[in-house]
Each structure stands twice: as C-alpha cells, then as structure tokens.
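Remarks on the structure that follows.
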Amino acid sequence: MKKRLSRIMALSLAIAMVSSSSLTVLAAPEATISVEKDVAATSLVKQTQYGAVKGTSTDTCNVWYSIPYAAAPTGDLRWAAPTAPTSWATPLDCSKLGNKAIQSGKDYATGKTVVSGSEDCLNLDVYAPANAENLPVMVYIHGGNNQTGSSTEIDGTQITVDENCIYVSLNYRLGILGFNALPAFHTTEGSTGNYAMLDIAMALDWVKNNIAQFGGNPNNITVSGFSAGGRDVMAMLISPLFEGKFDKAVVYSGGMTVADKDESAEIMAKAVAPLAVEDGLFADIETAKTWLLSNDPAVVTYMKGIGADRLCQLMSNAGIRMSVFPHLYADDVVIPSEGFKTTKFNNVPVLMLTGETEFSLFSAYDGYFSGADMKAFDAKTQDLAKSYSIEYGSEMYRIFNAQCSAEEMYGKYKNNMYLCQVRYGSNNSATRIPLMGSFHGIFVPMLTDNHSYGSFADFSATGYQNMAHVFDQYLTNFIATGNPNGAGLDKWSNWTSSNPVSLVLDADANNAIVSLENVSSSYGKIIGQMNSDNIVSDDVKDLMGKNVLNGRWFSSTLDNYYKNK
C-alpha cells in the first residue's frame with residue numbers, strides 16, 4: 001500500500017484560492033481487505049471487558065477484525081435490544097473478517113438475487129498504529145440504505161496513518177431486522193423499532209469501555225458515517241440515547257431523515273403480508289396485512305420463525321426511497337417525535353460533506369430508464385433525460401446533505417458546523433469525470449487507496465492526491481480538536497446564517513484547488529430552474545419528476561410539486 005503522506009510531501013503542493021459561487025449509487029462498494037507485512041511493535045493480544053482478542057498486522061497498522069460487542073440477535077433476541085456477549089476464557093482469534101449483517105443483493109452477472117451475511121453480526125473492527133497511545137478515535141458507520149453494506153466499506157489501514165487515529169468500523173442489523181415498526185413488537189412503554197440504532201449505541205459503549213487497551217482515548221471519540229451511516233449519525237445528534245457517547249461527528253452525504261412510525265408500520269405490513277399468505281396463514285394479502293398491523297402476540301411468534309434469508313429480501317427495491325423502506329422512526333424513544341425540529345441536541349462539533357453530483361449513480365442505474373416508458377423515446381432523448389435527472393437530482397441531494405441540515409439546526413445547535421463540498425469531477429471542476437461527476441462517495445479515495453471506484457477515474461493522479469492530502473489535514477485536526485483549522489491551511493469558517501459558506505475541494509491535473517464559497521440554493525429555486533430548462537420536453541420532465549426523482553430523501557418538495565404519493 002502506498003503511503004500518501006510521504007509521497008505528497010515530496011510534491012510541491014499548490015492550493016489555488018477561488019472566489020465564485022458554484023452550482024451545486026449507492027453506498028460505497030465494499031473494499032477488499034488484504035493482510036500484508038508484519039509491523040506489530042506491540043502485542044497483538046488485547047484484553048477487552050468480555051475476554052482477550054488476538055489480531056493481525058498489515059504494513060501500516062495492527063488490526064482486530066470482528067470483535068463481538070453484543071450477543072447474536074437471533075432466536076428470542078431477534079427484534080430485541082442488544083445484550084452483552086458471553087465472555088470467553090482464551091484469546092479470541094480476530095485475525096480474519098467475520099460476519100456482516102444478513103442482506104440481499106443482485107448478482108449482476110446472472111441477474112439473480114443473492115443473500116449473504118448472517119444474523120450473528122454484532123461485531124466491530126479496530127485498526128491501530130503500532131505503539132498507539134491515547135490517540136483520537138474515529139468510529140465509522142457504513143452506508144447501504146440501512147439495508148446492505150459492512151464494516152469493510154472503507155478500509156482503515158491508511159486512515160490510521162493519515163489521520164493519526166484509532167479507526168473502528170462496525171456491523172449492525174440491517175433491513176427489517178434492524179428497523180421494525182409493527183405494533184405487536186411495541187406493546188410496552190419505551191419500546192422502539194430502531195434496533196440498528198440500539199446496536200450502534202452499544203458499539204459506542206464498547207468503544208468507550210475498551211478502546212484504551214488499543215491505544216485510543218475514550219474521551220476523544222468522533223462518530224462518522226457515509227450515506228445511510230451519515231443519516232444515522234445525524235439521528236444521533238438528536239437522540240437522547242446517544243448523549244455523552246461521542247465528542248465530534250463527521251457526516252458524509254447524510255442529511256436529516258426520520259420516519260413516521262405509523263406510516264412505517266403500514267409499509268412493513270404490506271411487505272410482510274405476502275409471506276403470511278405464502279405460508280398459508282391467510283388467503284389474501286389484505287387480511288394478512290390487517291393482522292400484521294394488530295397487537296396480536298402471534299404476529300411476533302410468526303415473524304420470529306421466518307427465515308432471515310426471506311426477511312432480508314423484503315423492500316430490497318428501496319434505492320434511497322424512504323417510502324419503500326422506512327427507518328429511523330421518530331418514536332420518542334430513540335428519536336424525538338418532533339425529529340430535527342427539536343431544540344435538544346447532542347451539541348458536538350460537526351463536519352458535513354457532500355459531493356456536487358450526488359445523484360449521478362442513482363440516476364445512471366435507475367431501472368426506470370430501461371423500462372417501456374423510456375424505450376418509447378430515441379437514444380438521444382433518453383440520454384438527455386438522464387442528464388436532466390442527474391443535474392437537478394444532484395442539486396437537491398447536495399443541499400439536503402449539508403446546507404438544509406445547517407439551516408434547520410442553526411440557532412438551536414450550540415456548537416460549530418463545518419460544511420464541505422467536493423467539486424472534483426463535476427461539470428464545474430477543473431477535472432471532469434464523465435457521467436459520474438462528483439458522485440456519491442467521491443470522498444472515499446481521499447481516505448483510502450483500497451477502494452472500488454477505479455473504473456470511474458484515476459484517483460492516483462497528482463491533483464486528486466494533493467486534494468486528498470489537504471482534506472486529510474483538515475480531518476486530522478477536526479478529529480483531534482473539533483476544529484479543522486491548523487498551520488499551513490487556509491481558514492475554514494464554520495457555517496452561520498450570516499456567513500453560509502462551505503469549503504469547496506477541487507483539483508486540476510497537478511494541484512489542489514481550495515475555496516470558501518457560498519454554494520447555497522433552495523428547493524424552490526431548483527424547481528424553477530427545472531421548469532425553465534429546455535433540454536427535454538415537459539412530458540419527459542414530468543416522467544423524471546414522477547418516476548426517477550420521486551420519493552427520495554431529498555425530494556419531499558418536488559413530490560409535493562408533482563403530487564407524488
């Protein structure tokens with residue numbers, strides 16, 4: 001693995017300041033973990049509260065994979081709060097990756113659905129530099145719409161060096177196993193369907209209690225996440241459950257998302273009902289749905305007997321649509337009923353990052369474009385329709401990820417908010433990436449060379465690597481102190497309503513280009529731009545608004561405009 005710092009410091013890093021406004025799929029593919037040279041300078045056996053664990057070494061750090069932080073949530077523990085794992089007497093072998101959460105995905109070679117992972121998934125990975133002592137701790141929550149993904153989404157072997165920290169990445173329950181709003185499971189006061197959030201809270205407790213053994217500072221924990229993981233982190237900022245569990249937050253393409261628990265129950269009952277009919281409990285789906293929405297204890301018994309391989313395939317067509325797979329319930333237990341309208345926050349310094357072209361992956365691979373509606377148009381119209389949806393979907397998605405959160409929180413949030421926008425790759429960039437632009441996940445190659453985006457662009461290029469080094473410096477400062485600023489860096493001002501600026505990152509072939517800009521927009525302005533754009537006909541715009549841009553995290557204003565359900 002190449003060392004970014006040693007190579008970058010040998011370059012003459014040039015940072016060009018720019019002063020101009022700018023315009024503004026899926027969770028990152030899992031990285032491939034490789035175990036390399038032995039560099040362990042300290043014991044690979046560490047004592048935790050449940051027993052000793054034995055790790056392994058790479059050429060940059062020591063790693064402990066799949067350390068249990070809770071018992072397997074199976075049997076009676078399915079849809080229950082996580083509990084402590086059974087202690088072990090001899091060192092647990094944590095030199096190899098263990099289980100990720102059970103999930104389904106498509107094998108693109110065959111087109112078939114493939115189930116992978118296990119219900120026994122409540123584990124985490126710890127990466128630590130040799131001889132680590134009292135280092136800041138970065139905890140990472142993976143993306144994947146809270147339905148797919150794993151702790152290996154971003155490899156931590158480089159992060160520990162570049163950010164001089166302990167890196168912890170965790171697995172948690174996904175899909176309906178991680179979020180279940182059906183009433184029969186919540187007949188007692190204080191019950192919650194946000195099981196995945198309970199998992200994450202318990203993992204953070206494990207970090208607080210054990211990370212000092214690995215060289216981390218339990219009083220300097222930054223929680224971070226990408227996509228769904230970023231939205232989970234945003235939810236932690238308003239959750240009373242997470243008070244005192246972390247000291248800073250980094251949100252990559254997150255945004256404010258909560259779901260109504262009653263509406264969520266309706267959607268979940270509709271998804272589960274065909275299984276009840278298939279299993280012979282009812283003759284029709286409507287009767288099954290009515291039963292699933294009741295408080296009948298038999299609902300719990302039945303669902304605990306359904307195979308996890310069947311459950312994890314429910315609502316797998318969600319993409320980034322809350323209307324298909326609702327989660328992060330505003331149940332007034334884990335998440336307050338008023339959601340982000342609350343005045344009670346876990347007030348820690350927060351850094352929020354977005355790409356300029358966040359919707360490119362989602363639009364490029366949206367199944368609607370291969371359907372009958374779009375096949376009725378010629379190839380040029382199809383391409384223009386896709387460009388239209390990418391441009392305006394990205395405009396809405398990027399402000400959702402950062403600006404809209406800052407606007408909602410400002411005046412109630414009692415700590416600094418730092419906003420960042422990655423321009424690299426977009427139409428406005430000095431280095432364009434055709435079709436993909438500054439896609440959802442554009443930041444990942446800044447943190448690790450071990451990623452799966454190499455087919456999009458050459459991220460080893462000097463300009464991108466210089467930009468990555470600049471971001472690494474800001475991030476290192478932030479996780480250490482809560483302030484990204486430091487020697488040799490241009491000042492990054494925190495966002496305020498009177499100074500609504502973002503740090504904008506770009507690069508040409510050789511140099512990083514860093515600017516502080518007001519990149520604000522609004523949903524109303526974006527819809528106005530859509531209406532005046534003549535790239536496609538009004539009929540095609542209507543199809544995009546109702547079938548591609550609809551029902552997304554960011555599209556509530558657009559859905560109201562198009563009267564989408």
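The figures that follow rest on heavy atoms only: side chains count, while hydrogens, waters and symmetry mates do not.
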*Check the pair F226, Y140 against ring pair (Phe, Tyr, Trp, His ring centres under 6.0 Å), reporting the backbone distance first and the verdict last.*
CA-CA 8 Å; F226 170 41; Y140 180 75; 7.6 Å; no
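The backbone N or O of L170 lies less than 3.5 Å from no partner atom in the side chain of S151, so there is not a single donor-acceptor pair. In terms of modelled atom types and a separation under 3.5 Å, the side chain of D506 and the main chain of S429 share no donor-acceptor contact. Under the 3.5 Å distance criterion, the side-chain polar atoms of N477 are matched with a main-chain donor or acceptor of P484. Listed for the Q103 side chain is a donor-acceptor partner under 3.5 Å among the backbone atoms of G149. The backbone N or O of D449 sits less than 3.5 Å from a side-chain atom of Q158, completing a donor-acceptor pair. Under a 3.5 Å cut-off, the side chain of R231 and the backbone N or O of G143 do not form any donor-acceptor pair.
With no hydrogens or angles considered, a side-chain donor-acceptor pair links S520 and N518 at under 3.5 Å. When only modelled atom types and interatomic distance are considered, T357 and S438 share a side-chain donor-acceptor pair under 3.5 Å. Between the side chains of N210 and Y69, not a single donor N or O lies within less than 3.5 Å of an accepting N or O. Donor-acceptor pairing under 3.5 Å is lacking for the side chains of S253 and S227. Side chains of N346 and Y413: a donor-acceptor N/O pair is absent below 3.5 angstrom, by distance only.
Relative orientation of the F214 and W64 rings is perpendicular, given thresholds of 30° and 60° on the angle between their planes.
With sequence neighbours left out, K525 forms a side chain to side chain donor-acceptor pair (under 3.5 Å) with no residue at all. Scored by the ring pair (Phe, Tyr, Trp, His ring centres under 6.0 Å) test, W553 finds H327 as partners (sequence neighbours excluded). For F369, there are no ring pair (Phe, Tyr, Trp, His ring centres under 6.0 Å) partners at least two apart in sequence or on another chain. Judged as a ring pair (Phe, Tyr, Trp, His ring centres under 6.0 Å), and not counting sequence neighbours, the contacts of F459 are H451, Y464. Remark: E133 pairs with no residue by the salt bridge (Lys or Arg N to Asp or Glu O under 4.0 Å) rule, at least two apart or across chains. For Y523, there are no ring pair (Phe, Tyr, Trp, His ring centres under 6.0 Å) partners two or more places apart in sequence or in a different chain. Scored by the side chain to side chain donor-acceptor pair (under 3.5 Å) test, Y392 finds D533 as partners (sequence neighbours excluded). Residues satisfying the side chain to side chain donor-acceptor pair (under 3.5 Å) test with D383, not counting sequence neighbours, are none. Annotation: side chain to side chain donor-acceptor pair (under 3.5 Å) contacts of S224 (sequence neighbours excluded): none. Residues forming a salt bridge (Lys or Arg N to Asp or Glu O under 4.0 Å) with D199 (at least two apart in sequence, or on another chain): R173.
Pairs of residues two or more places apart, or lying in two chains, that qualify as salt bridge (Lys or Arg N to Asp or Glu O under 4.0 Å) and include a residue from residues 236-255 are D205-K245. Screening residues 399-410 for salt bridge (Lys or Arg N to Asp or Glu O under 4.0 Å), with sequence neighbours left out, gives K341-E408, E408-K412.
A ring-centre distance under 6.0 Å is not found for H440 and F359. In this structure, the ring of F456 has its center less than 6.0 angstrom from the ring center of F439.
Here the closest heavy-atom approach between residue D331 and residue V334 is recorded as OD1-N, 3.0 Å. Taking each heavy atom of A201 and L241 in turn, the nearest pair found is CB-CD2, 3.8 Å.
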